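Take a look at the structure set out below.
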Amino acid sequence: MNAAEPLVSLIQEARFTTARFRPGYRTADVDDFLDEIVTLLQGTADPRRSREDAAARVREAAFATETFPHTYDMQDVDAFLEEVLLPALTDHHPHPAAPASEDRTLTAGSEDGQVNGTAHAPGASKTSTQGWEASFPEDEDRVEDPLIAQLRGARFPTASRFTVNYPVGEVDSLLDEMIAALEGASDRTSGRREARAVLVRGSLDRSRKARDSYRAEDVDKFLLEVYNRLQGSR
């Protein structure tokens, strides 16, 4: 067996969830990058040098993001590159490959109309040492939309360099826009429609930067709840 074959199989059989209504890596960019790594591994008589070069390319990898329609979930791609492919390239013991299918796309576990997203309150820190906090008042007849209070009261755990994170400023700005949409509408229905549009077109940059960041997993979980609430008010 060619020394590169296990690594090539690992790459060719990788599968990623489709990102829905949230920023993701463009599928063409990710697929082209992985194809380049395969070519690099197969195109030299020095397997050790080819693995070193491939590992360097993986460490430097960067992909453009967009919200829809042809994107891979960023966490899926990041996890494969950092936790599966890079260790396989550097210690020469590839992880078991995923079951083969026609392309690299997996069907997302969530249904259409669900989103992973964001949350905030103007002028207040959203940092929490606990998990994300959310409660949605059931009284829909009060003068102020209960979602406004929920967005303003959101709190998120402190980020670390070992987690995927969102910049505080981006999260807070997105929440401010949603609150403004809810407060500025002539009625609750149109306000929620505008807030939903703000959330769907919103874009947040994922990174490992811990300073001035919220943990993305908790922000996403909160915004999923918010979005589903907004969906139910159409």
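Computation of the quantities below employed the complete heavy-atom set of this structure, encompassing side-chain atoms and omitting hydrogens, waters and symmetry-equivalent molecules. Given the structure is predicted, the values throughout are model-derived calculations rather than measurements.
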- prompt: If we ignore angles and hydrogens, is there a donor and acceptor under 3.5 Å between the side chains of Y166 and D218?
  reply: no
task: May I ask you to test the V38-L7 pair for a side-chain heavy-atom distance under 4.5 Å?
output: no
Electrostatic pair R49:D53 at N-O distance under 4.0 angstrom: yes
message: Looking only at side-chain N and O atoms, does S190 offer a donor or acceptor that is under 3.5 Å from a partner on D187?
response: yes
- prompt: Between the side chain of T39 and the main-chain N/O of I37, is any donor-acceptor distance below 3.5 Å?
  reply: no
Audit row: F80, L34, side chain to side chain contact (heavy atoms under 4.5 Å, CB included) steps and yes/no: CA-CA 11 Å; F80 174 75; L34 293 177; 4.2 Å; yes
task: Side-chain contact test, heavy atoms from C-beta onward, threshold under 4.5 Å: evaluate it for T90 versus R59 and give yes or no.
output: yes
message: I need the single residue from D78, D73, T71 that forms a side-chain contact (heavy atoms from CB on, under 4.5 Å) with Y25. Which is it?
response: D78
Minimum side-chain heavy-atom gap R206-N165 below 4.5 Å: no
query: Any donor-acceptor pair under 3.5 Å linking the side chain of R15 with the backbone of E13?
result: yes
task: Please determine if R229 and E225 form a salt bridge, counting it only when a charged side-chain N lies under 4.0 Å from a carboxylate O.
output: no
task: Under the salt bridge (Lys or Arg N to Asp or Glu O under 4.0 Å) rule, what do R26 and D29 come out as? Steps first, then yes or no, please.
output: CA-CA 5 Å; R26 290 200 294 249; D29 292 350; 3.2 Å; yes
message: Check whether R192 reaches the backbone of L230 with its side chain - one donor and one acceptor, N or O, closer than 3.5 Å.
response: no
message: Could you check whether R152 pairs with E183 (Lys NZ or Arg NE/NH1/NH2 to Asp/Glu carboxylate O, under 4.0 Å)?
response: yes
message: Any side-chain to backbone donor/acceptor pair from E170 onto D205? Under 3.5 Å, distance only.
response: yes
message: Between Y72 and D31, do the side chains contain a donor N or O and an acceptor N or O under 3.5 Å apart?
response: yes
